Protein chains: 2
Amino acid sequence: MKASVVMIEPNGHFCDDCAVRGAAVCSSLDTAELREFEHLGRRVHFGSGETVFSEEDITTSFYNVLEGVMRLYKLLPDGRRQIVGFALPGDFLGMNLSGRHNFSADAIGAVTVCQFAKAPFSRFIEDRPQLLRRINELAIRELSQARDHMVLLGRRSADEKVATFLLGWRERLVTLKALSDTVPLPMSRQDIADYLGLTIETVSRTFTKLERQGVIEIIHGGISLLDPARVEAMAAA
Amino acid sequence: MKASVVMIEPNGHFCDDCAVRGAAVCSSLDTAELREFEHLGRRVHFGSGETVFSEEDITTSFYNVLEGVMRLYKLLPDGRRQIVGFALPGDFLGMNLSGRHNFSADAIGAVTVCQFAKAPFSRFIEDRPQLLRRINELAIRELSQARDHMVLLGRRSADEKVATFLLGWRERLVTLKALSDTVPLPMSRQDIADYLGLTIETVSRTFTKLERQGVIEIIHGGISLLDPARVEAMAAA
DNA sequence: ACCCAAATTTGATCTGAGTCAATCGGCTGT
DNA sequence: ACAGCCGATTGACTCAGATCAAATTTGGGT
């Protein structure tokens with residue numbers, strides 16, 4: 001949460017070596033378009049805990065996550081927090097109708113984003129329906145995830161929430177690295193609690209319980225799935 | 001939940017007298033396009049409790065709600081249900097990436113939809129980016145609603161959930177009829193419970209409590225907000 | 001008007017997760 | 001190496017909302 005030290009790199013042909021070129025919103029552009037597109041965006045780095053944008057801020061930019069993990073959350077007036085999602089490389093942020101962000105986003109660890117000023121980006125989309133189609137696809141995918149998360153928040157027990165989270169997080173990481181029983185958890189216990197609609201104590205106790213049952217092992221910076229089948233059974237119902 | 005008796009009207013120029021023409025997905029089309037568009041859709045009626053489509057069904061159609069209210073929900077294997085939203089006239093259903101619906105939808109009371117076969121509709125969108133843009137807008141609006149609902153499910157108390165629901169539902173009806181302190185509730189208590197992540201008993205008790213406090217009055221088929229400010233105060237935090 | 005089934009309300013009791021309160025452990029900086 | 005801090009864990013206790021169990025009301029069909 002320290003003061004922001006935003007580093008902006010000089011614009012170059014950085015799309016060429018962009019890790020998310022094939023997966024992100026850019027995957028809908030051909031080589032010529034990409035060349036034009038890269039002049040619209042600039043890479044920006046954020047340090048751990050820095051806020052990229054806040055709820056109710058006027059939207060001035062769109063963001064394409066390149067590296068790192070972000071927490072996306074909403075706060076109630078009394079400080080209660082609900083994390084509505086975690087953003088990973090390839091995720092596209094900033095779409096809205098009101099002209100204001102409807103959630104806040106901050107970096108969990110170091111984050112690099114490709115930032116686009118709103119107006120030029122919107123103009124660029126204007127006559128490129130395939131880019132719009134790609135953005136629409138991403139929105140629809142998020143909607144589907146959001147609905148799954150509503151089921152979790154409204155109808156699942158603490159044990160089921162934690163088990164579902166571990167499997168879902170592992171699955172999301174597949175696009176970044178191969179499926180592994182070692183699941184890194186860059187976010188804090190508090191983040192996990194606020195994502196699952198639980199308290200930090202309940203998350204901690206559930207982790208400990210799973211470890212005592214020999215289902216997971218709590219390791220530095222994550223967990224290891226010792227018995228993925230059992231975790232799946234817990235998550236299912 | 002009785003057997004479906006689907007009535008299909010002969011195709012005519014029914015867009016002309018369509019109640020949602022200005023609000024729905026069609027609002028992005030000019031008169032000439034609308035003329036072409038109406039041949040793609042057919043009005044279909046559903047009776048109370050009938051299922052329009054089910055989760056995991058292969059998507060064969062898109063739906064534009066014309067009249068009535070639908071519940072959109074997901075079920076866990078053991079029967080627990082989470083209602084992920086209510087659809088009202090003007091809402092557009094059926095978008096997905098997997099080729100399957102990711103929730104079920106059934107009619108609450110009589111419902112009329114404008115049904116479009118998937119392939120011709122997709123072809124029609126192909127070279128009409130303004131229609132795609134409109135669909136994208138609707139998806140983004142839904143995403144925003146979904147995030148608000150996550151906050152409600154994960155971080156609000158039963159009283160806050162009910163108060164927030166009453167105000168939110170009243171607000172959604174504004175586009176159909178003017179804002180009124182008399183709020184019709186066509187859905188059952190069980191539906192409300194499954195929407196709010198509560199049990200039917202808790203919903204019923206909360207309604208009764210609000211009525212005893214003189215904040216609402218429970219009337220036939222809905223409630224009346226006697227003291228909207230107090231309800232807003234309960235919902236806020 | 002009457003009957004039956006379903007929906008809702010109300011009451012009594014239980015319990016899963018929250019709250020409050022210590023520790024514990026692992027980095028960071030000196 | 002050690003102090004201090006922050007995040008995580010653990011324990012004891014509480015409570016909001018669930019569960020179980022009756023009434024009671026509503027509504028549709030005859």
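Just so we're on the same page: letters track the sequence lines, and every chain starts at 1. Since the model is a prediction, treat every value here as computed from it, not as a measurement.
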Item checked: Length of the CZ-P vector between B:Arg205 and D:dT19, whole Å -> 12 Å

Item checked: Electrostatic pair B:Glu160-A:Arg80, nearest N-O below 4.0 angstrom -> yes

Notebook entry, point to check: So, is A:Thr202 near the phosphate of C:dA17, with a side-chain N or O under 4.0 Å from OP1 or OP2?
Noted result: no

Note to self: What's A:Gly221 touching, base or sugar-phosphate or nothing? Going by heavy atoms closer than 4.0 Å.
What the structure shows: nothing

Check: Heavy atoms, side chains only, cut-off 4.5 Å: are B:Leu66 and B:Val113 in contact?
Finding: no

Margin query: Mind checking if A:Thr208 touches a base, just sugar-phosphate, or nothing, with heavy atoms under 4.0 Å?
Written below: sugar-phosphate

Margin query: Side chain of A:Ile218 only, heavy atoms from C-beta on: which candidate in D:dT9, D:dG17, C:dT9 is closest?
Written below: D:dT9

Check: A:Arg80 CZ to C:dA17 P: how many Å, rounded?
Finding: 19 Å

Next item on the list: Please tell me which of the listed nucleotides, C:dT10, D:dA8, D:dG11, lies nearest to the side chain of A:Ser188?
Entry: D:dA8

Item checked: Separation of C:dA17 C1' from A:Glu201 CD (nearest whole Å) -> 10 Å

Checklist line | Atom-pair distance (CG on A:Leu153; P on C:dG16), nearest Å | finding: 20 Å

Item checked: Atom-to-atom span, CG of B:Leu210 to P of C:dT10 - whole angstrom -> 13 Å

Check: Out of D:dT9, C:dT10, C:dG18, which nucleotide sits closest to the side chain of A:Thr199?
Finding: C:dG18

Check: Pick from A:Arg81, A:Lys74, A:Arg189: which one makes a salt bridge (charged side-chain N to carboxylate O under 4.0 Å, His left out) with A:Asp194?
Finding: A:Arg81

Note to self: Rounded to whole Å, please give me the gap between CD1 in B:Ile192 and P in C:dA7.
What the structure shows: 14 Å

Checklist line | Single hit among A:Leu166, A:Leu167, A:Asp227 for side-chain contact (heavy atoms from CB on, under 4.5 Å) with A:Glu232 | finding: A:Leu167

Checklist line | Length of the CZ-P vector between B:Arg189 and C:dT10, whole Å | finding: 10 Å

Check: Tell me, do B:Tyr73 and B:Asp106 make a side-chain contact under 4.5 Å, heavy atoms counted?
Finding: yes

Check: How many Å lie between CZ on B:Arg155 and P on D:dA16, as a whole number?
Finding: 17 Å

Item checked: A:His220 side-chain proximity, nearest of C:dT9, D:dT10, C:dC27 -> C:dC27

